[in-house]
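Values in this document were obtained by computation on a predicted structure and should not be read as measured data.
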Amino acid sequence: MPSGNPPAKTGSIAPPPPILSAKTAPLLSRQPARRDMRRGPTAADAIHRDLRAEIVSLKRKPGEPIAEKQIAEAYGVSRTPVREAVLRLADEGLIEIFPQSGTFVARIPLGALPEAGVIRKVLERATVRFAAERASRSQIAALYACLEEQREVDAVGDADGFHQADEAFHAQITEMAGYPGFWAIIQQAKVQLDRCRRLTLPVPGRMRTVIAEHEAIVEAIAGHDPDRAEQSLVRHLDNLQITVDDVRNAAPLYFSGSLTDEQIAMDGAS
């Protein structure tokens, strides 16, 4: 079981529950709907998927306790698959386990963001070039459909829906490139970045800006212009760059650690 010193006090725009002992930490007020599930790996996979989505979307805030018993009851399973899911999330850096203290949603590590951005940029620059070279008419039409879905969710102010449509857009580009496996690597690398991005989506006009950047990428792919496609993608990722001021102004106590001068200078923390 991972171990370490208890985290510093955490907080948020609306302060999350304080980190207390396992006996005194308050239960999360929101509970997933109870559902019948088979015991074993299938249940653990589903619990991992759901918890991961809730953590990345900030429905479970950094610093909030994870009540394994409550989760097990909600899913109608023993604590074994819940514990398996929690350990997997701890390996991904999304949950922290502290002996004699409890299990909590991990804070976002500032020091990990620049490297994650570089990994994402390197891989997506390659895939967007291949996509521009290889895209078929039906694949280009699918990208335009992704743009239309983004406009629809933006029109109703659905930040969760927009994030999903955004993910589908970038995943489609890796499919078009002929390297769909790249997307799994990118998703794993950028998981902490995604938590940061969810703080920026509610900003008025932010989703429309992203859509305009996506349109430029699609136009370049449709024109089979790899250079322009890459340039458009780089501009898009650079505009998503998360600076120290951005994250501190948004929710400073959601984060842990700090950025060194060298890390701040790293390009592509998007």
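Ring planes of His214 and His170: perpendicular class, angle over 60° (limits at 30 and 60°).
A donor-acceptor pair is defined here as one N or O able to donate and one able to accept, closer than 3.5 Å; such a pair exists between the side chain of Arg134 and the backbone of Ala177. Between the side chain of Asn239 and the main chain of Arg235, a donor-acceptor pair closer than 3.5 Å is present. Within the 3.5 Å criterion, the main-chain N or O of Ala171 finds a donor-acceptor partner in the side chain of Thr174.
Contacts of Ser138 classified as side-chain contact (heavy atoms from CB on, under 4.5 Å), with partners at least two apart in sequence or in another chain: Ser136. Legend: residues meeting side-chain contact (heavy atoms from CB on, under 4.5 Å) with Arg151, ordered by chain and number and at least two apart, are Leu147, Glu148, Ile211, Glu215. By the side-chain hydrogen bond (donor to acceptor under 3.5 Å, both in side chains) test, Gln172 is found to be paired with no residue, residues two or more places apart in sequence or in another chain being considered.
Minimum heavy-atom separation, Ala72 to Arg79: CB-CG, 4.0 Å.
Under 3.5 Å, the side chains of Glu149 and Tyr144 contain no donor-acceptor pair of N or O atoms. Checking Arg228 against Gln231 by side-chain atom types alone, no donor-acceptor pair falls below 3.5 Å.
In this structure, Ile97 and Arg83 have side chains that are in contact, with non-hydrogen atoms separated by less than 4.5 Å. In this structure, Arg198 and His163 have side chains that are in contact, with non-hydrogen atoms separated by less than 4.5 Å. Between Lys61 and Ile55 the shortest side-chain heavy-atom distance does not fall below 4.5 Å.
A salt bridge between Glu213 and Arg208 is absent, with no side-chain N of the basic residue lying under 4.0 Å from a carboxylate O of the acidic one.
Here the CD atom belonging to Glu124 is positioned 4.5 Å from the CD1 atom belonging to Ile186, to the nearest 0.5 angstrom.
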